[in-house]
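For the numbers below, each heavy atom of this structure counts, side chains included, while hydrogens, waters and symmetry mates do not.
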Amino acid sequence: MSDPRIPTIDLRPWLDGDAQARGQIARTVDEALQTAGFLLVTGHGVDPSLRRRIREAARTFFTLPAPVKAAYAAKVGGRGWLGPGAEANGYSEGTQTPPDLKESLTFATHEPFDDPVINAEWYAPNVWPAEVPELRTLCEEYLGNMGELEKQLLSLLGEALGMGPDFFSRHMSRPTYGFNINWYPGVDVVGEPQPGQFRIGPHSDFGTVTILDRQAGKGGLQIWTDEGGWEDAPLDPEAFTINIGDLMARWTGDRWRSGRHLVLPPPSDEPVEELMSLVYFGECTPATLVESVPAPVGRVAYEPVDSHVYLREKLESITVG
């Protein structure tokens with residue numbers, strides 16, 4: 001059972017239920033996103049074995065020698081391998097933490113856009129490791145699933161906000177996204193954590209909605225709530241963990257919270273614990289103007305922002321060096 005502040009939402013009644021069931025789900029989502037910015041979602045139809053096979057293939061890559069992986073090195077927001085020390089997510093909220101204790105394989109939208117400038121910045125080809133050829137097929141299937149789930153979630157969020165099912169989804173004609181496979185090895189790989197060092201430092205995500213498939217672990221996900229401070233996030237192995245990002249919070253005029261979270265360092269009583277997360281970062285079509293909904297729905301009137309100018313600034317803010 002999940003914490004009531006972070007409810008589990010079964011998508012099947014949302015997709016197939018009557019008006020009463022759909023209305024109750026929308027109200028539950030609205031209430032949850034006002035407190036912690038997180039949900040658990042079941043009934044999504046994504047094959048658990050697909051997630052397992054992606055982890056197996058990715059681990060084959062992550063355990064290759066560093067010089068082999070270095071051939072795929074990328075910058076934050078790019079496509080390829082982010083090695084140790086590449087990111088410090090705490091920087092995005094002004095926390096000067098040491099670099100995050102992780103490695104990532106990072107992929108993103110690759111279908112060409114109609115503006116050559118935007119295309120060059122946001123739609124570069126993905127870089128797939130030749131040493132693990134099965135990873136591309138697995139990830140492309142998974143990303144197709146994520147795109148469909150994102151559409152369903154945005155429709156639900158539009159209704160939950162009281163603005164209609166297409167309020168967000170109409171800005172998704174050619175959306176960008178980011179997809180990270182985050183590897184959190186133990187101290188045998190990363191060494192003893194420095195003071196204030198995390199697998200991922202405290203932050204909120206930058207885009208619209210994040211879809212996370214994670215594993216149970218002592219050095220796992222924690223979320224922030226006003227009532228309890230930092231708490232271990234509830235986990236249902238069948239569910240995706242969903243949180244909204246900064247753009248969505250701005251869009252709602254801070255009615256909903258951008259879910260603040262971190263990933264703990266390797267635990268002292270299980271120092272070689274190894275975890276892997278699959279993280280899909282939903283965004284929107286480039287050059288979308290994000291304007292806060294007015295009161296009484298919204299609570300803060302932010303200045304309108306270009307979605308991808310905002311995203312680029314955030315990505316640069318967490319880049320180490």
Please assess Glu291 against Arg250 for the test salt bridge (charged side-chain N to carboxylate O under 4.0 Å, His left out), listing each intermediate value before the final yes or no.
CA-CA 7 Å; Glu291 300 181 87; Arg250 292 180 69 103; over 6 Å; no
Verdict with supporting geometry, Phe168 and Val209, side chain to side chain contact (heavy atoms under 4.5 Å, CB included):
CA-CA 11 Å; Phe168 298 116; Val209 61; over 6 Å; no
Given the rule in the salt bridge (charged side-chain N to carboxylate O under 4.0 Å, His left out) test, do Glu134 and Arg53 qualify, once you have shown the distances and angles that lead to the verdict?
CA-CA 9 Å; Glu134 67 272 25; Arg53 286 178 287 149; over 6 Å; no
Verdict with supporting geometry, Glu140 and Arg136, salt bridge (charged side-chain N to carboxylate O under 4.0 Å, His left out):
CA-CA 6 Å; Glu140 288 182 344; Arg136 177 174 184 170; 3.0 Å; yes
Walk me through whether Ser155 and Glu159 qualify under side chain to side chain donor-acceptor pair (under 3.5 Å).
CA-CA 6 Å; Ser155 175; Glu159 289 282 15; 6.0 Å; no
Output, in order, the C-alpha distance, side-chain angles, deciding distance and verdict of side chain to side chain contact (heavy atoms under 4.5 Å, CB included) for Asp213 and Arg55.
CA-CA 11 Å; Asp213 182 64; Arg55 284 188 170 89; 2.7 Å; yes
Side chain to side chain contact (heavy atoms under 4.5 Å, CB included) between Val305 and Leu247: does it pass, once the steps are laid out?
CA-CA 9 Å; Val305 294; Leu247 277 179; 4.1 Å; yes
Between Asn89 and Glu87, does a side chain to side chain donor-acceptor pair (under 3.5 Å) hold up when you go through it step by step?
CA-CA 6 Å; Asn89 275 269; Glu87 285 184 357; 3.0 Å; yes
Given His261 and Ser204, is the side chain to side chain donor-acceptor pair (under 3.5 Å) satisfied, shown in steps?
CA-CA 6 Å; His261 55 287; Ser204 55; over 6 Å; no
Kindly indicate, with the supporting measurements, whether the criterion side chain to side chain contact (heavy atoms under 4.5 Å, CB included) is fulfilled by Leu33 and Phe38.
CA-CA 6 Å; Leu33 295 182; Phe38 278 85; over 6 Å; no
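Hydrophobic clustering of Ile, Leu, Val, Met, Phe, Trp and Tyr side chains at less than 4.5 Å, counting indirect connections, unites Phe61 with Val68. Linking ILVMFWY side-chain heavy atoms closer than 4.5 Å, directly or via other members, places Phe206 and Tyr302 in two distinct hydrophobic clusters. With hydrophobic clusters built from ILVMFWY side chains whose heavy atoms lie under 4.5 angstrom apart, Leu105 shares a cluster with Leu143. Cluster membership check: Trp128 shares its hydrophobic cluster with Tyr72, using side-chain heavy-atom separations under 4.5 Å among Ile, Leu, Val, Met, Phe, Trp and Tyr. The hydrophobic clustering, which links ILVMFWY residues whose side-chain heavy atoms are closer than 4.5 Å, places Leu262 and Leu101 apart.
Using a 4.5 Å cut-off on side-chain heavy atoms (C-beta onward), Val290 and His171 make no contact. Residues Thr60 and Leu135 fail the side-chain proximity criterion, which asks for heavy atoms closer than 4.5 Å. You'll find the side chain of Tyr184 stays beyond 4.5 Å of the side chain of Glu274, heavy atoms only. Side-chain atoms of Phe179 and Arg79, non-hydrogen and from C-beta on, never get closer than 4.5 Å to each other. At a threshold of 4.5 Å between non-hydrogen side-chain atoms, the residues Asp115 and Pro286 do not count as touching. Tyr91 has its side chain out of reach of Asp100: every pair of non-hydrogen atoms, C-beta onward, lies at least 4.5 Å apart. Within the 4.5 Å cutoff, no side-chain heavy atoms of Asn182 are placed close to those of Met276. Tyr177 places a side-chain heavy atom less than 4.5 Å from the side chain of Tyr280.
For the pairing with Ile211, the side chain to side chain contact (heavy atoms under 4.5 Å, CB included) check across Val46, Ile242, Val279, Leu278 returns one residue only, Ile242. The side chain to side chain contact (heavy atoms under 4.5 Å, CB included) test with Pro7 is passed by exactly one of Ile25, Leu39, Val29, Val41: Leu39.
Of all the heavy atoms in Val263 and Phe198, the pair that sits closest is O-CB, 3.3 Å. Contact detail for Gly43 and Leu11: the closest heavy-atom pair is O-CB, 3.8 Å. In plain terms, the two heavy atoms of Ala239 and Leu40 that are nearest each other are CB-CB, 4.1 Å. Scanning all heavy atoms of the two residues, the minimum distance from Arg260 to Pro202 falls at NH2-CB, 4.0 Å. Between Val190 and Pro185, the shortest heavy-atom distance links the atoms CG1-CG, 3.5 Å. Here the shortest heavy-atom pairing between Pro99 and Gly85 reads CB-CA, 3.6 Å.
Looking at Arg257 and Asp226, a side-chain N of the basic residue comes within less than 4.0 Å of a carboxylate O on the acidic one, giving a salt bridge. Ion pairing between a basic and an acidic side chain is recognised when a charged N comes within 4.0 Å of a carboxylate O; Arg199 and Glu103 show no such pairing. Between Glu31 and Arg5, none of the side-chain N atoms (NZ, or NE/NH1/NH2) sits under 4.0 Å from a carboxylate O, so this pair counts as no salt bridge. Looking at Arg52 and Glu56, a side-chain N of the basic residue comes within less than 4.0 Å of a carboxylate O on the acidic one, giving a salt bridge.
With sequence neighbours excluded, the residues satisfying side-chain hydrogen bond (donor to acceptor under 3.5 Å, both in side chains) with Arg255 are Asp30. Residues satisfying the salt bridge (charged side-chain N to carboxylate O under 4.0 Å, His left out) criterion with Arg174, sequence neighbours excluded, are absent altogether.
Counting only distance, with no hydrogens or angles, the side chain of Asp166 and the backbone of Ser169 share no donor-acceptor pair below 3.5 Å. Between the side chain of Ser292 and the backbone N or O of Ala301 there is no donor-acceptor pair closer than 3.5 Å. The main-chain N or O of Glu283 is never found under 3.5 Å from a side-chain atom of Thr176 such that the two would form a donor-acceptor pair. Using modelled atom types, no side-chain atom of Thr97 and backbone atom of Gly201 make a donor-acceptor pair closer than 3.5 Å. In this structure, the side chain of Glu273 does not engage the main chain of Gly217 through any donor-acceptor pair within 3.5 Å. Side chain of Tyr310 to main chain of Gly207: no donor-acceptor pair is present (N/O by atom type, distance under 3.5 Å, no hydrogens or angles). Although no hydrogens or angles enter the test, the distance criterion places no donor-acceptor pair under 3.5 Å between the side chain of Thr288 and the main chain of Cys284. Although no hydrogens or angles enter the test, the distance criterion places a donor-acceptor pair under 3.5 Å between the side chain of His44 and the main chain of Glu238.
To the nearest 0.5 angstrom, Leu275 atom CG is 9.5 Å from Arg214 atom CZ. Note that CE of Met163 is 10.5 Å distant from OG1 of Thr252, once rounded to the nearest 0.5 Å.
For Phe62 and Trp81, the ring centers are positioned 6.0 Å apart or more.
Cation-pi geometry between Arg299 and Trp256 is not satisfied (NZ or CZ under 6.0 Å from the ring centre, within 45° of the ring normal). Judged by a 6.0 Å distance limit and a 45° cone about the ring axis, Arg51 is positioned over the six-membered ring of Phe240.
Using a 30° and 60° split on the angle between ring planes, Trp122 and His308 fall in the perpendicular class, above 60°.
Under a cut-off of 6.0 angstrom, the local environment of CD in Gln96 is crowded, with over 12 non-hydrogen atoms contributed by other residues, nucleotides or ligands.
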